[in-house]
Amino acid sequence: MKLLRVAGVVFIFIVTFQFVNIHYFGGAIFSLPSEDKFPISSINGSTEPIRPLSGTEKLNFSSSRSVEVAKEERTGLEEDHIIGSDKSESIESHDSFIEDAEDKETLELLLRTGSSSNGSYSDIVEDADIVNENSRNVEILESKSDTSVDNLSPEVKRLMNVSNSGVVPITEMMNLLHQSRTSHVSLKLKRSSAVDTELLFARTQIENPPMVENDPLLHGPLYWNLSMFKRSYELMEKKLKVYVYREGKRPVLHKPVLKGIYASEGWFMKQLKASKTFVTKDPSKAHLFYLPFSSKMLEETLYVPGSHSDRNLIEFLKNYLDMISSKYPFWNRTGGSDHFLVACHDWAPSETRQYMANCIRALCNSDVSEGFVFGKDVALPETTILVPRRPLRALGGKPSSQRQILAFFAGGMHGYLRPRLLQNWGGNRDPDMKIFSEIPKSKGKKSYMEYMKSSKYCICPKGHEVNSPRVVEALFYECVPVIISDNFVPPFFEVLNWESFAVFVLERDVPDLKNILVSITEDRYREMQMRVKMVQKHFLWHSRPERFDIFYMILHSIWYNRVFQT
């Protein structure tokens, strides 16, 4: 009898651990340090480990980073190389990021439990450099404080163990997404609510949609399943309600940054909070709960220069969650699985993967190797905005028949990949390949924008991280994007068939880049370029959101993942 009792206790413990801990605490039991090696089979059948590279050649910045001072991701190096720039037009200035006395009190409250070793928080960084953000020096963190949390889901690990390159192709990402639909279930409430019933109804409707063959606004080949996407989108418009927490003060919370390469998170915050359609003041009716912080302002405000540590940033978010979870029951009843955040800064994955692991995280740095969770997390487009009043200025480009340049890239030599790109294709090595670290300044030379408008293919290589604003820039200027960034999850990939309008090149295949591009037939190129123009509307910010634009698409991806968690 004693043996049976012990066995019963062990069984209950195992079942409880299986259904609570594995999915909802960042996959900690699958913890694998970044230094661990993945055995792979080589072409000749032998096995050798994939070792983390050192120095500036590091491929994975997930749990430890080299100390490397580098210029911030730049979109072309000059002010006229950025979407919406206008030399003759004055730039609107933001309010000062120095908070008032009330804001300081809240900030101090949130930081009160933090370690004193993190340095002083009294020096709040102002936004003088926002307009020139692309030329600001940023320190890459030496190490991440959450080294115990695994970056890879077990499904991705299994895939990488059998892959020759350790790279997850986009087609395999879709398989992982489908697997997650059957394995990932959000923390259940003890008693079903009206919101749960609505979500279950929506899932049934999306999985069994009315067939759509032709739609005047949506081009079928751009989507994995047009019928499912359209039905899901319509249900979102009719049903979705979001509760926005009011707690917290500026500048980290409720301060939308509308300029620079991280503008996506600010524009989304501004437009959601202004929405009368989606925002509800009654949390009992909410399908989702929004955590309105800016990862950009978190870094600007709290990062201690030279510290190479993000512990105080993570502590701030923890204290913020402690505040709202002590005031409301919503976080605790689901473990945060019906909450979401929208964060574009490169450090956002590591800052949120510990205490916000259960949340739906919309991330620009959507890196499989940095813990992006298929079926839960959302790939957020990184967009550059310099003139918030005119986000669509200079939209468009030349027709395909007038694009005489085969491929174009210009940008800072961040990371290990871009120097390789320049080494293989830079300078005057090939007249068809316009690859620059800086565009030569001479009379008659094209600007960055003119090059993108005149090129067939726009090269979008990773920098320090997998994401780059060039992906959206290429679509903005109607240039076929060539994405060279292993394990990058492209925006809205759960509904968009990216391979129908973009080219994906493995990082190892940079020396063969031209052969890959010229092997694409002219008919195929024209088809992709036509589709770029059709998909473009999903990546545009408007002063007021318009159906199917980037605001609605971001919200739809979050809604879509929430529905399939039920």
Side-chain angles (χ1 to χ4, degrees), residues 56-57 59 68 70-83 85 134-135 261 382 384 394 397-398 400 402-486 488 490 501-520 522 525 528-529 532:
T56 57
E57 293 187 340
L59 292 171
E68 184 176 359
K71 288 191 175 180
E72 189 80 35
E73 176 71 28
R74 299 172 70 184
T75 53
L77 308 174
E78 299 293 337
E79 62 178 353
D80 62 339
H81 298 161
I82 302 173
I83 294 176
S85 64
N134 296 328
S135 62
I261 63 173
E382 184 171 357
T384 303
K398 294 183 178 180
S400 58
Q402 296 179 25
R403 292 176 178 260
Q404 304 302 317
I405 300 170
L406 177 64
F408 166 70
F409 167 80
M413 294 294 104
H414 308 148
Y416 93 100
L417 181 65
R418 294 183 184 184
R420 282 187 57 198
L421 180 67
L422 189 68
Q423 180 182 4
N424 281 273
W425 300 108
N428 297 316
R429 286 177 177 80
D430 191 308
D432 294 328
M433 307 287 285
K434 303 298 183 183
I435 308 297
F436 309 107
S437 59
E438 293 187 13
I439 297 176
K441 294 181 180 179
S442 61
K443 189 174 182 179
K445 281 288 184 180
K446 290 182 171 66
S447 68
Y448 179 84
M449 180 178 66
E450 290 169 335
Y451 268 113
M452 295 198 88
K453 287 175 174 283
S454 304
S455 299
K456 290 184 175 181
Y457 299 99
C458 289
I459 311 301
C460 308
K462 67 179 290 184
H464 288 303
E465 304 291 354
V466 295
N467 49 303
S468 169
R470 284 173 181 78
V471 176
V472 175
E473 283 182 350
L475 302 177
F476 194 94
Y477 295 124
E478 299 173 1
C479 180
V480 175
V482 179
I483 299 172
I484 312 178
S485 183
D486 295 349
F488 170 58
F501 58 88
V503 179
F504 290 82
V505 175
L506 293 175
E507 293 172 17
R508 69 186 182 195
D509 290 335
V510 163
D512 203 36
L513 179 58
K514 183 177 180 180
N515 288 336
I516 292 171
L517 297 181
V518 297
S519 68
I520 300 172
E522 184 65 20
Y525 160 71
M528 284 194 294
Q529 204 261 343
V532 163

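Predicted model only: the values in this text are computed from it and were never measured.
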**Item:** Heavy-atom pair of closest approach, residues I516 and V505
**Value:** CD1-CG1, 3.9 Å
**Message:** Using 0.5 Å steps for rounding, measure from the CG atom of L421 to the CE atom of M413.
**Reply:** 7.0 Å
**Which residues share a side-chain hydrogen bond (donor to acceptor under 3.5 Å, both in side chains) with K456, sequence neighbours left out** = E522
**Request:** Would you name the heavy atoms of K462 and E507 that are closest together and state the gap between them?
**Result:** CD-OE2, 3.1 Å
**Asked** Can you find a pair of side-chain heavy atoms, one from I261 and one from E382, that are under 4.5 Å apart?
**Response** yes
**Request:** Using a 4.5 Å cut-off on heavy atoms from C-beta on, say whether the side chain of F409 contacts that of Y451.
**Result:** no
**Asked** Taking side chain as C-beta onward, heavy atoms only, is L406 less than 4.5 Å from Y525?
**Response** no
**Asked** Where the side chain of E478 meets the backbone of Q529, is there a donor-acceptor pair that is under 3.5 Å apart?
**Response** no
**Message:** Quick check: closest heavy atoms across V532 and A474, and the distance to 0.1 Å?
**Reply:** CG1-O, 4.5 Å
**Fill in**
Heavy atoms of R470 and G411 approach each other most closely as NH2-CA, 3.2 Å
**Message:** Restricting to disulfide (SG to SG under 2.5 Å), what partner residues turn up for C458, sequence neighbours left out?
**Reply:** C479
**Prompt:** At their closest point, which heavy atom of A394 faces which heavy atom of Y477, and how far apart are they?
**Reply:** O-CE2, 3.4 Å
**Message:** Using the ring centroid of each side chain, check whether F488 and F504 are separated by less than 6.0 Å.
**Reply:** no
**Prompt:** Quick one: which of I459, V482, I483 gives a side-chain contact (heavy atoms from CB on, under 4.5 Å) with V503?
**Reply:** V482
**Request:** State, to 0.1 Å, how close L422 and R429 come at their nearest heavy-atom pair, and which atoms those are.
**Result:** O-NH1, 3.7 Å
**Heavy-atom check, side chain of S454 versus side chain of K446, under 4.5 Å** = yes
**Asked** Got a second to check how far N467's CG is from E465's CD, nearest 0.5 Å?
**Response** 6.5 Å
**Message:** Could you measure the distance from the NZ atom of K514 to the CG atom of N424? Nearest 0.5 Å is fine.
**Reply:** 13.5 Å
**Prompt:** Should we say atom CG of N515 is surrounded by more than 12 heavy atoms from elsewhere, each under 6.0 Å from it?
**Reply:** yes
**Message:** Please report the interatomic distance CZ(R418) to OG(S468), rounded to the nearest 0.5 Å.
**Reply:** 5.5 Å
**Message:** Is the shortest side-chain heavy-atom distance between M528 and Y457 below 4.5 Å?
**Reply:** yes
**Message:** Just verifying a value: how many Å separate M452 CE and L475 CG, rounded to the nearest 0.5 Å?
**Reply:** 9.0 Å
**Request:** First locate atom NE2 of H464, then atom NE2 of H414, and finally report the distance between them rounded to the nearest 0.5 Å.
**Result:** 5.5 Å
